[in-house]
J.: 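The structure that follows is given in the form of C-alpha cells.
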Amino acid sequence: MEFYSILKNDLNSAIRETLLKEHVSLDIQLNETKKEFEGHTTFVVFPLVKQVGKAPEVIGETIGKWLMENSTVVASYNVVKGFLNISLKDSFWIEAFAKIQEETYFSQRKSTGEKVLVEYSSPNTNKPLHLGHIRNILLGWSVSKILQFEGNEVITTQVINDRGIAICKSMLAWKKWGNGATPASSGIKGDHFVGDYYVKFEQEFVKEYQVFAESEAGAKLFESQKKENQEQSEFFKAFKNKYFNEISPLGAEARQMLLDWEAGDENTIQLWKQMNGWVYDGFDKTYETLGVSFDSVYYESDTYLLGKKVVDEGLTKNVFYREPDSSVWINLEDAGMDKKIVLRSDGTSVYITQDIGTAKKRYEDFGAKKMIYTVADEQDYHFKVLFEIAKRLEEPYAEGLFHLSYGMVDLPTGRMKSREGTVVEAKENAGERGELAHMSHEEQEDIFSKIGLGAIKFFIIKVQPQKRMIFDPKESVDMQGATGPYIQNAFVRIQSLFRKSETEQQTKVLSFPETLNEGEKTLIQLLMTFPEVVAAAAKQYEPSGVANYAYALAKEFHKYYHETRILGAESETLKTFRLQLSKEVALALKTSLYLLGINMPDRM
RNA sequence: GGCUCCGUAGCUCAGCUGGAUAGAGCAACUGCCUUCUAAGCAGUAGGUCUCUGGUUCGAAUCCAGACGGAGUCACCA
C-alpha cells in the first residue's frame with residue numbers, strides 16, 4: 001500500500017507546472033523529517049537545482065506554495081536550506097489509519113506460490129549446543145517466519161552431523177571411562193553428557209601425546225623430522241594430527257571404531273544409536289525451550305554417500321576433471337576461487353560432495369528452488385564454492401541458494417571454546433523471577449519464561465548477522481531500555497487498557513476525531529512502515545530490522561502512553577479512537593516479535 | 001601472502017539504495033509513581049563515525065589505498 005502516492009503525484013505536478021515545463025516524471029523520494037524540524041515528511045530539492053537553475057530555497061518555496069494551493073493532503077510546509085518539510089493534514093493520517101484497520105495489515109500475505117527451504121541449527125552430535133547455535137537457531141527460525149509471513153511456503157530443516165571420527169571419540173571415551181553412566185543416572189542433559197566424553201577423549205589423547213613427545217621415540221622423531229630451527233613444542237603442535245592417525249593407540253582405536261561403524265558392526269551401531277539418542281534428547285529440550293521446530297531432518301549417516309552420482313554426471317559434462325591418481329576436482333580459478341577436490345583418490349566423498357548431493361536430494365524431496373543455509377561465517381568460502389558448483393552443474397535451484405552467514409558469538413572474556421567446555425546455554429539464563437502476586441505458579445512460570453527468553457532472544461537477534469557479537473550474560477537478561485521485555489511491556493500495557501475498558505470486542509472505530517495529536521500521527525506513520533520493514537527483512541534474509549522496528553514502535557508508544565490519557569480521554573470518540581490505535585500498535589508489536597520468534601505475555 | 005567480513009559515545013548496538021546539527025540503550029548524574037502496569041517517562045553529560053585520498057551541491061554511507069581485528073584458503077567437517 002502506498003500511502004504517499006497522492007503526495008508524490010502532487011510533487012510531480014508541482015515541479016512540472018512551476019519549474020520544469022518538459023514532461024519529466026520524477027521518481028519522488030521522500031524522507032522522514034528529522035525530529036528537530038517541523039513536518040512529517042521531507043522532500044530534498046537539491047537534485048533539482050542543476051536542472052532548474054534556481055537556488056534551493058526558491059525551488060522549495062515554489063513547490064511548497066503550489067502544494068498549499070493544490071494539494072489535498074498538505075497542511076503546511078517550511079523550507080530549510082534545500083529541504084522542503086511537509087506537514088500532512090489530520091485527514092491524511094485518519095484515512096491512513098482507517099486503511100491500516102481495514103486491511104489485514106498484520107496478517108500473513110497472500111501466497112506467492114514459492115517454496116523456500118530454510119536450514120538452521122545443523123549440529124554435531126559430539127558437542128552440546130552452545131551460544132553460537134543459539135544465534136543460528138534464532139536467526140534461522142526468524143527468517144523462516146518472515147519468509148512465511150511474506151507468503152512463501154517454508155520448509156524448515158537441518159542436517160545433523162551424526163557420524164564420523166568425532167562421535168567415535170565420544171563413544172570410545174564412554175566405553176573406556178564411562179562405567180555405564182547415562183544422562184539419567186548422572187542427571188546431565190544428554191548432549192552435554194556425550195559432549196563431556198568428547199572432551200574426556202581429547203584430554204586423554206593430549207596426555208598420551210605428551211608422554212609420547214617426552215619419550216625416546218618422540219625425541220628421535222623430532223630430531224629426524226624437524227624443520228630447521230623448529231622448536232620442539234612447535235613441531236609437536238604441527239605433528240598432532242599425524243600422530244593421531246599414525247602412531248596413537250587411542251587414535252587407532254577411534255579409527256577402528258569408525259571402520260566398524262562403516263562396516264555396520266552390530267555392537268558399534270548399537271552404541272552409536274544409544275549415544276546419539278541421548279544427544280537428541282538434549283537437543284530436543286533446547287529446541288522446546290526456544291520454541292522452534294523442524295519440518296524435516298536429514299542425518300549425515302544417510303546422506304554422507306550422496307553426491308557421488310552428481311560427480312559422475314559432472315565428469316561427463318566436463319564440469320569436473322580427474323587427476324591421474326583418480327581424485328576428482330573442479331577448477332574455479334576463473335571465478336576467483338581455487339581448485340577444489342570433490343572425490344578423494346580412494347573414491348570417497350569429501351564434505352562438499354555431500355553438500356552437493358544433499359542439495360540435490362532436498363530439491364527432489366521438496367522442489368524448493370530457494371534454499372537458505374544458516375551457517376556461521378567461518379564457512380563463507382565453502383558456500384561460495386558450493387553455490388558456484390551448483391551453477392556449473394546447471395542445477396535448477398542454483399540461483400536460489402543463499403548462505404545466511406553470521407559472525408561468531410564471543411563472551412566478554414573472549415572467544416568461546418566449546419571444545420574446552422566453556423559453553424553457556426541461553427536456557428540457563430532464562431528463568432529470572434520477578435513479582436506477580438495472586439497468579440498460579442504455572443501462570444507465573446509461563447510469564448517468566450516469555451520474559452526471560454524474550455530478553456535473550458531480542459538481545460541476540462537485534463544485531464546484524466554478519467557482525468561478530470559479544471554476548472554478556474548479565475546484559476542479555478536486562479529488561480530496561482532496548483530489550484525484549486521493554487517491547488513486551490508496551491504490549492502488556494495495551495492489554496491492560498483493554499481489560500479495563502471492556503471494549504475488546506469492538507474492532508473498528510465508528511467515528512474518527514477531527515484532530516490528532518503529534519504522538520498519534522507519529523504512531524500511525526510508524527505503523528505504515530511495517531510492511532516495508534518486513535518485506536526488506538524477507539528480501540535480505542535479515543531479521544534485525546524487524547527488531548529495531550519493534551523497539552522504535554514500543555518506544556513511541558511508551559511515550560504516547562505517558563503523555564496522552566487514553567481511557568480518560570476528553571470525549572468518547574477520542575477514547576475509542578485511542579484504544580483502537582493502541583490495538584493496532586499492539587498487533588504490530590506482537591506480529592513483529594512473532595517474526596523474531598518471541599512470544600508476548602498478556603501481563604507482566 | 002590471496003580472498004571475505006568487521007571497525008560509529010567508556011560499553012553494547014542502530015543509522016549504510018548518499019541528504020540537515022551522527023542516534024538509541026547500558027553505565028554516571030537530575031527530576032517524575034494518591035492519576036490507564038515506573039520492566040515506564042523527561043532531562044544532563046558523553047563523538048576526529050580507525051586513518052588518508054577520490055567521486056559529489058552534499059559522504060558514517062559510494063570508490064581506492066593504509067591501519068587494526070576476525071575468518072578462510074586441507075584427499076578435516
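All chains are named by letter (A, B, ...) in the order of the sequence lines, taking the proteins before the strands, and each is independently numbered beginning at 1. For the numbers below, each heavy atom of this structure counts, side chains included, while hydrogens, waters and symmetry mates do not. Since the structure is predicted, the reported quantities are computational estimates derived from the model, not experimental observations.
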J.: Is the phosphate of C76(B), meaning OP1 or OP2, less than 4.0 Å from a side-chain N or O of Arg163(A)?
T.: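 Negative; the distance criterion is not met.
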J.: Does C32(B) have a Watson-Crick or wobble mate here (both distances under 3.5 Å), and if so which one?
T.: G40(B)
J.: Could you give the NZ-to-C1' distance, from Lys384(A) to C73(B), as a whole number of Å?
T.: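 Taking NZ of Lys384(A) and C1' of C73(B), I get 11 Å after rounding.
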J.: Would you name the heavy atoms of Ala554(A) and Leu589(A) that are closest together and state the gap between them?
T.: N-CD2, 3.9 Å
J.: How far, in whole Å, is G65(B) from G58(B) if one measures between their C1' atoms?
T.: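 Approximately 23 Å lies between the C1' atom of G58(B) and that of G65(B).
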J.: Between Asp312(A) and Lys308(A), does at least one N-O distance fall below 4.0 Å, as a salt bridge requires?
T.: no
J.: Below 3.5 Å is the cut-off: list the nitrogen or oxygen pairs between protein and nucleotides 20-23 of chain B, distance only.
T.:
| from | atom 1 | to | atom 2 | distance (Å) |
| --- | --- | --- | --- | --- |
| A20(B) | N6 | Thr42(A) | OG1 | 3.0 |
| A20(B) | N6 | Asn85(A) | OD1 | 3.0 |
| A20(B) | N1 | Asn85(A) | OD1 | 3.1 |
| A20(B) | N1 | Asn85(A) | ND2 | 3.3 |
| U21(B) | OP1 | Lys81(A) | NZ | 3.2 |

J.: Provide, to the nearest angstrom, the distance between the CG atom belonging to Leu258(A) and the P atom belonging to A77(B).
T.: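 Taking CG of Leu258(A) and P of A77(B), I get 10 Å after rounding.
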J.: Could you say whether the aromatic ring of Phe46(A) and the base of G19(B) stack, counting only centre distances under 5.5 Å and plane angles under 30°?
T.: yes
J.: Ignoring hydrogens and geometry beyond distance, is the side chain of Ser496(A) in donor-acceptor contact with the base of C36(B) at under 3.5 Å?
T.: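 Under the 3.5 Å cut-off, the side chain and the base do not form any donor-acceptor pair.
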J.: May I ask which nucleotide in the shown strands pairs with C5(B), Watson-Crick or G-U wobble, both distances under 3.5 Å?
T.: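 The answer is G69(B), by the H-bond criterion.
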J.: Starting from P on C16(B), measure out to CD on Gln540(A) and report it in whole angstrom.
T.: 10 Å
J.: Given Leu404(A), which partner from the list Val375(A), Asp377(A), Thr374(A) fulfils the side-chain contact (heavy atoms from CB on, under 4.5 Å) test?
T.: Thr374(A)
J.: With a cut-off of less than 4.0 Å, is there a side-chain N or O of Gln464(A) near OP1 or OP2 of C5(B)?
T.: no
J.: When the C1' atoms of A45(B) and C5(B) are considered, how many whole Å apart are they?
T.: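 Straight-line distance between the two C1' atoms is 35 Å.
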J.: Using purine N1 to pyrimidine N3 plus N6-O4 or O6-N4 for Watson-Crick, or N1-O2 and O6-N3 for G-U wobble, both under 3.5 Å, which nucleotide pairs with G18(B)?
T.: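 Here G18(B) is not engaged in any pair, so there is no nucleotide opposite it.
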J.: OP1 or OP2 of A24(B) less than 4.0 angstrom from a side-chain nitrogen or oxygen of Lys462(A), does that happen here?
T.: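 No, no such contact exists.
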J.: Is the glycosidic angle of C33(B) within 90° of 0, making it syn, or outside that range, making it anti?
T.: syn
J.: OP1 or OP2 of G7(B) sitting under 4.0 Å from any side-chain N/O of Lys467(A)?
T.: yes
J.: Is the gap between the ring centers of Phe402(A) and Tyr541(A) under 6.0 Å?
T.: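 Close enough - the centres of the two rings lie under 6.0 Å apart.
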J.: For G71(B) and Tyr406(A) - does any side-chain N or O of the residue sit under 4.0 Å from the phosphate oxygens OP1/OP2?
T.: no
J.: Grab the NZ-C1' distance between Lys127(A) and A77(B) for me, whole Å please.
T.: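 It works out to 9 Å between those atoms.
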J.: Please report the distance, rounded to the nearest Å, between CZ in Arg493(A) and P in U35(B).
T.: 13 Å
J.: Quick one: is Arg344(A) getting a side-chain N or O under 4.0 Å of the C76(B) phosphate, OP1 or OP2?
T.: yes
J.: For A45(B), give its Watson-Crick or G-U wobble partner with both distances under 3.5 Å, or none.
T.: none
J.: Rounded to whole angstroms, how far apart are NZ on Lys169(A) and C1' on C76(B)?
T.: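 Lys169(A) atom NZ is separated from C76(B) atom C1' by 10 Å.
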J.: With respect to the phosphate group of C57(B), does any side-chain polar atom (N or O) of Lys50(A) fall under 4.0 Å of OP1 or OP2?
T.: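 Checking Lys50(A) against C57(B): at least one side-chain N or O falls below 4.0 Å of OP1 or OP2.
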J.: Could you state the CZ-P distance from Arg322(A) to C75(B), rounded to the nearest angstrom?
T.: 17 Å
J.: So, are Arg578(A) and Glu520(A) salt-bridged, with charged N and O less than 4.0 Å apart?
T.: yes
J.: Tell me if the aromatic rings of Tyr243(A) and Phe205(A) count as close, with their centers under 6.0 Å from one another.
T.: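 Ring centroids of Tyr243(A) and Phe205(A) are less than 6.0 Å from each other.
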J.: Less than 4.5 Å apart, any side-chain heavy atom of Met257(A) and any of Lys169(A)?
T.: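 No, their side chains stay 4.5 Å or more apart.
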J.: I want to know whether Phe459(A) and Phe471(A) have ring centres closer than 6.0 Å.
T.: yes
